[in-house]
Amino acid sequence: MLTEDFYCDEVLSGKTQVNKVIETKNVLAYYHTRPFYPVHIVAIPKKHIPSLITLEESDSELLLELLGVIKKVATMVTEENGACRVITNLGEYQDSKHLHWHIVSGKPLR
């Protein structure tokens, strides 16, 4: 069962264990628990923010930290695999209502 905010309810609470890639004070990047790509890493802020379009002025520092983590992960994935995509979803495309970015490489698994 997928909750409205899988990241707060499961990952950040510790209910669902994840394989961490990078963790900072305010950001967590980890391997997706049910990957859609051969390489599938998710980066999330530890603060609940519903989506990219709900970011507020006060979130600027957090957004810079998040983008810094995404850049490091994307660099690593690109160096190891030759390419990657950095994706965030909005509206009906966004399953979990917590800002998150996918860093993926390879052809979709399903």
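Not measured: the values here are computed from a predicted model.
Side-chain contact between V73 and K71 is absent, with no heavy atoms from C-beta onward closer than 4.5 Å. Using a 4.5 Å heavy-atom threshold, the side chains of H100 and T88 count as separate. Considering only heavy atoms from C-beta on, S105 stays 4.5 Å or farther from Y37 through its side chain.
Closest non-hydrogen pair, E57 versus S60, comes out as O-OG, 2.8 Å. Considering all non-hydrogen atoms of both residues, A74 and I103 come closest at CA-CG2, 3.9 Å. Here the closest non-hydrogen pair linking W101 and L99 is NE1-CD1, 3.8 Å. Smallest separation of non-hydrogen atoms from M76 and Y31: CE-OH, 4.4 Å.
For Q94 (side chain) and S96 (main-chain N/O), a donor-acceptor pair under 3.5 Å exists by modelled atom type. Remark: side-chain polar atoms of T78 are not paired, donor with acceptor, to backbone N or O of T75 under 3.5 angstrom.
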(request) For side chain to side chain contact (heavy atoms under 4.5 Å, CB included), just list the numbers for I22 and V27, CA-CA rounded to whole Å, side-chain angles, deciding distance to a tenth of an Å, and then say yes or no. (result) CA-CA 8 Å; I22 296 174; V27 176; over 6 Å; no
(message) Is there a side chain to side chain contact (heavy atoms under 4.5 Å, CB included) between L66 and N26? Walk through the geometry before answering.
(response) CA-CA 8 Å; L66 178 59; N26 301 301; over 6 Å; no
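A single hydrophobic cluster is seen to contain both L62 and V86, as judged by linkage of ILVMFWY side chains at heavy-atom distances under 4.5 Å, directly or through other members. With hydrophobic clusters built from ILVMFWY side chains whose heavy atoms lie under 4.5 angstrom apart, V21 shares a cluster with V69. Hydrophobic cluster membership differs between L12 and L63, with clusters built from Ile, Leu, Val, Met, Phe, Trp and Tyr side chains linked at under 4.5 angstrom.
Taking CG of D95 as the start and NZ of K97 as the end, the distance is 7.0 Å to the nearest 0.5 Å.
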Residues 38-53, side-chain donor-acceptor partners within the protein, below 3.5 Å, at least two apart:
from : atom 1 : to   : atom 2 : distance (Å)
H40  : ND1    : F36  : N      : 2.9
H40  : NE2    : H102 : ND1    : 2.7
K46  : NZ     : E23  : OE2    : 2.8
K46  : NZ     : T24  : O      : 2.8
K47  : NZ     : D59  : OD1    : 2.5
H48  : ND1    : D5   : OD2    : 2.7
H48  : ND1    : H98  : ND1    : 3.2
S51  : OG     : I53  : N      : 3.3

